Undergrad: 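Mind looking over this structure? Questions follow.
Keep in mind it's a predicted model, so treat the numbers as computed, not measured. Whatever order the structure lists them in is the order used to number ligands and atoms, beginning at 1.
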Amino acid sequence: MIPRSFEYHAPTALPEVIALLGQYGDEAKLLAGGHSLLPMMKLRFAGPGHLIDLRKVAELKGISVVGSELHIGAMTTENELIFSKLVAEKLPLLVEVARQIADPQVRYKGTIGGDISHGDPGNDHPAVMMAMDATFVLVSATGERLVKATEFFHGMYDTALTPGEVMTQIRIPVPPAGTGSSYAKLKRKTGDYATAAAAVVVQVQNGVCSAARIALTNVGPTALFATDAAASLVGKPIDDAAIVQAAKLAMAICEPVADLRGDEAYKTAMAGQMVERALRSAVSHVK
Ligand SMILES: Cc1cc2nc3c(=O)[nH]c(=O)nc-3n(C[C@H](O)[C@H](O)[C@H](O)COP(=O)(O)OP(=O)(O)OC[C@H]3O[C@@H](n4cnc5c(N)ncnc54)[C@H](O)[C@@H]3O)c2cc1C
């Protein structure tokens, strides 16, 4: 319950954040919504000497359409996603997932950038970002680089972020007409991390699947991008047989860890079920 003592910094612009990261190095941690970092500090799993609070940095907020993409500031909270008319209209999948994350209080604080940067396989945004083909903007003293969601998650709590870097923005292509999407999450209760979950985006033209992306939550050391499962759908109608086959291929890449949510076989079977449910729901949402 009692964290180690630390020094608190509240910069108001991105260059200040970068300078503070440079100054304090490994001793510093960025603080976003604080709903993963502070619980870890209270249990003394983390004990940074310096917290750099990102809440006053205006460059990290805001949702806008730029060309064919939606640009979302890393400090956008889950509730801001849920209440955004723009997100509801352009990326309904993002509203669907945010509604299934944590609870109202956590969603007023927790940010999309923090959920992704944390690198916890239990978090929900990582798989959804893979399914939506998102790109993350990472800024450091040496400039800006873009990293695809499918390249970002390296292991448990291990991401492409390097020391001194800040995630500033999430860029997501606005899906074309004929797209359907869904996130199916099995959890023990509201506010729990997934036992297994699946994010699905499909495109259907004249009854035939022309493109598909599937990703899985909490059944591996990172979110898993199910390429074979998605590829198996392309070129045919998404009927019962195709859905069952895609679920089987998704189960084949699962490598869950047994814990209080269940053993490996149960979690793998549930990942298959979540793929089936998400696919049926995505197809029903095609417009
Ligand atoms: C009761 C409870 C239930 C929850 N349930 C779920 C759930 O079902 N699904 C789910 O996905 N999450 C869940 N969470 C986690 C919650 O959504 C967190 O808020 C989220 O994981 C982290 O976001 P944050 O903004 O709070 O980040 P913080 O806790 O502030 O930071 C997390 C990590 O990311 C780093 N970081 C933050 N922002 C940036 C940035 N812009 N650039 C680089 N690094 C950054 C921090 O330094 C830190 O290491 C739950 C949390 C609680 C307390």
Side-chain angles (χ1 to χ4, degrees), residues 3 6 8-11 14 17-18 20-21 24 26-43 45-62 72-82 94 96-129 136-140 144-145 147 152-153 156-170 183 185-197 199 215 217-218 222-223 261:
F6 55 84
Y8 174 78
H9 308 267
L14 193 54
V17 176
I18 308 280
L20 285 164
L21 280 175
Y24 295 112
D26 281 352
E27 266 295 284
K29 266 278 182 202
L30 296 172
L31 175 68
H35 275 54
S36 287
L37 181 56
L38 296 184
M40 284 186 147
M41 289 171 62
K42 288 174 164 191
L43 295 168
F45 292 152
H50 295 265
L51 277 188
I52 305 171
D53 192 339
L54 298 176
R55 273 178 307 175
K56 292 187 177 159
V57 184
E59 294 107 299
L60 302 180
K61 297 289 276 185
I72 302 169
M75 285 298 288
T76 303
T77 65
E78 303 297 349
N79 270 341
E80 285 166 346
L81 294 174
I82 291 170
L94 207 45
E96 193 181 343
V97 65
R99 283 180 170 283
Q100 297 181 64
I101 289 177
D103 54 52
Q105 288 93 331
V106 173
R107 294 196 290 256
Y108 272 112
K109 301 298 265 180
T111 65
I112 183 171
D115 196 274
I116 296 165
S117 302
H118 193 44
D120 185 337
N123 280 1
D124 294 296
H125 278 299
V128 172
M129 293 297 124
F136 307 137
V137 183
L138 310 184
V139 176
S140 69
E144 175 182 294
R145 67 189 181 110
V147 179
F152 183 78
F153 303 98
M156 200 175 279
Y157 303 118
D158 182 13
T159 68
L161 277 164
T162 55
E165 267 183 328
V166 185
M167 180 180 294
T168 57
Q169 200 177 61
I170 292 96
Y183 189 62
K185 175 174 176 179
L186 175 68
K187 57 189 175 187
R188 297 170 302 177
K189 60 185 176 71
T190 293
D192 191 22
Y193 294 89
T195 301
T217 297
N218 222 7
T222 65
R261 292 187 182 87

Undergrad: For a 4.5 angstrom cut-off between non-hydrogen side-chain atoms, does Met75 reach Glu80?
TA: no
Undergrad: Taking only heavy atoms of Gly110, which atoms of ligand 1 are found under 4.0 Å from at least one of them?
TA: 19 (O), 25 (O), 26 (O)
Undergrad: Which ligand 1 atoms, with their elements, are less than 4.0 angstrom from a heavy-atom of Asp192?
TA: 8 (O)
Undergrad: Say whether Tyr193, considering both its backbone and side-chain N or O atoms, lies within less than 3.5 Å of an N or O atom on ligand 1.
TA: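 It does: an N or O of Tyr193 is found under 3.5 Å from an N or O of ligand 1.
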Undergrad: Establish, from distance only, whether the side-chain atoms of Asn218 and Tyr193 form a donor-acceptor pair under 3.5 Å.
TA: no
Undergrad: Just to confirm my output: which protein heavy-atom neighbour is closest to atom 53 (C) of ligand 1, and how far is it?
TA: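 Closest protein heavy atom to atom 53 (C) of ligand 1: His35 O, 3.5 Å.
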Undergrad: Are any of the N or O atoms of Lys185 closer than 3.5 Å to those of ligand 1?
TA: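 Looking only at distances, the answer is yes, because the N/O contact criterion of under 3.5 Å is met.
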Undergrad: Does Gly34 have a heavy atom less than 4.0 Å from any atom of ligand 1?
TA: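 Right, Gly34 reaches ligand 1.
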Undergrad: Output yes when the distance from some N or O of ligand 1 to some N or O of Val106 is under 3.5 Å, and no in every other case.
TA: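 Checking ligand 1 against Val106, no N or O pair falls under 3.5 Å apart.
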Undergrad: What atoms in ligand 1 come closer than 4.0 Å to a heavy atom of Thr111?
TA: 23 (O), 24 (P), 25 (O)
Undergrad: Would Gly122 count as being in polar contact with ligand 1, using the rule that some N or O on each side must be under 3.5 angstrom apart?
TA: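 Min N/O separation from ligand 1 is not below 3.5 Å for Gly122.
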Undergrad: One residue to check: Leu54. Relative to ligand 1, which of side chain, backbone, both or neither has a non-hydrogen atom less than 4.0 Å away?
TA: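 The answer is the side chain of Leu54.
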Undergrad: Give the numbers and elements of all ligand 1 atoms closer than 4.0 Å to a heavy atom of Ala32.
TA: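 By the 4.0 Å cutoff, the relevant atoms are 25 (O), 27 (O), 30 (O), 37 (C), 38 (N).
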Undergrad: Could you tell me whether Asp124 and ligand 1 have an N or O pair separated by under 3.5 Å?
TA: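 Yes - when backbone and side-chain N and O of Asp124 are compared with those of ligand 1, one distance drops under 3.5 Å.
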